[in-house]
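Just below is one structure, and these are the notes that go with it.
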Amino acid sequence: MGMYGYYYAIDDKLVQQIAAGEIALVDLNPSDLPSLDIYRSWEAIHYLLCGDIADGEPPLGYVVPMTLDQGIDFGEFGAFFLRAEQVAEALQAMTELDEAKLRLRYDFPAMVKDEVYAVSGEDEDYFFAYMLQHFNEIRRFYSQTAAEGKGLIFYIL
């Protein structure tokens, strides 16, 4: 079984309360929230955008948020939150990246060398297409989330 990345769009005030520890993430009902499953692409997309496995610099580091200062104690791997303004910043940064620009950032041999999750004996072009598909889904999800003025929670399960 693999580790899958999940996003949930939630009211920005609720994000604040979760971040402050006033509401536990386990108390939310995920089936009531808009969500996105990016399967096993989470670490590879973060690496593509930030050049490292975690702690990427904003605003691209907000696309697959995995920074300690935005961490929430949750499950085995924790969860990460973004406020509405951070979602909007990430969306703006993503709109500037088309397929050609992403392809220029793509360094498959470095991903293999750095043991990025989900990269193994994959075909280089196939894996890029896999990441691109999920990147585009993330961009659509962030667009909808930003349009509604919501924040989000990201976690790995």
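We number each residue from 1, following the sequence as shown.
For the atom pair Phe77 CZ and Tyr155 OH, the distance stands at 12.5 Å (nearest 0.5 Å). A distance of 8.0 Å separates CG of Leu33 from CG of Leu14, quoted to the nearest 0.5 Å. Interatomic distance, OH of Tyr117 versus CD1 of Ile53, reported as 13.0 Å (0.5 Å rounding). The CG atom of Leu49 lies 6.5 Å from the CG atom of Leu102; values are rounded to the nearest 0.5 Å. Distance check: Ile10 CD1 to Lys150 NZ gives 9.5 Å after rounding to the nearest 0.5 Å.
Contact between Ala90 and Tyr62 at its shortest, heavy atoms only, is CB-CB, 3.6 Å. Nearest approach of Gly56 to Thr67, heavy atoms of both residues: O-CG2, 4.0 Å. Minimum heavy-atom separation, Gly151 to Val87: CA-CG2, 4.1 Å. Between Leu25 and Ala79, the shortest heavy-atom contact is CD2-CB, 3.6 Å. Counting all heavy atoms, side chain and backbone alike, Arg105 lies closest to Leu60 at NH2-CD1, 3.3 Å. For Ile156 against Met66, the heavy-atom pair with the smallest separation is CD1-SD, 4.1 Å.
Looking at Phe154 and Leu82, their side chains never come closer than 4.5 Å, going by heavy atoms from C-beta outward. No side-chain heavy atom of Arg140 sits less than 4.5 Å from a side-chain heavy atom of Gln144. Looking only at side-chain heavy atoms (C-beta outward), Val63 and Met94 come within less than 4.5 Å of each other. For the pair Leu91 and Arg139, the minimum side-chain heavy-atom distance is below 4.5 Å. Looking at Pro30 and Tyr8, their side chains come closer than 4.5 Å, going by heavy atoms from C-beta outward. For the pair Tyr6/Asp37, a side-chain contact is recorded, criterion being any heavy-atom separation below 4.5 Å from C-beta on. At least one side-chain heavy atom of Gln86 sits under 4.5 Å from a side-chain heavy atom of Gln70. Side-chain contact check for Ile38 versus Tyr7: some heavy-atom pair is nearer than 4.5 Å.
Counting only distance, with no hydrogens or angles, the side chain of Asp12 and the backbone of Ala84 share a donor-acceptor pair below 3.5 Å. Remark: side-chain polar atoms of His134 are not paired, donor with acceptor, to backbone N or O of Ser41 under 3.5 angstrom.
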Under 3.5 Å donor-acceptor pairs involving side-chain atoms of residues 15-22, not counting sequence neighbours:
none

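No path of Ile, Leu, Val, Met, Phe, Trp and Tyr side chains, each step under 4.5 Å between heavy atoms, connects Met131 with Tyr126, placing them in separate hydrophobic clusters. The hydrophobic clustering, which links ILVMFWY residues whose side-chain heavy atoms are closer than 4.5 Å, places Leu28 and Val26 together.
Phe128 carries Arg103 over the face of its six-membered ring, with the cationic atom under 6.0 Å from the centre and within 45° of the normal.
With sequence neighbours excluded, the residues satisfying side chain to side chain contact (heavy atoms under 4.5 Å, CB included) with Lys101 are Leu97, Asp98. Checked against side-chain hydrogen bond (donor to acceptor under 3.5 Å, both in side chains), Tyr47 has the following partners two or more places apart in sequence or in another chain: Asp114.
Surrounding OH of Tyr39 are at most 12 heavy atoms belonging to other residues, nucleotides or ligands under 6.0 Å away. When the shell of 6.0 Å around CD of Glu115 is examined, it contains 12 or fewer heavy atoms from other residues, nucleotides or ligands. Around atom CG of Leu104, more than 12 heavy atoms belonging to other residues, nucleotides or ligands sit under 6.0 Å away.
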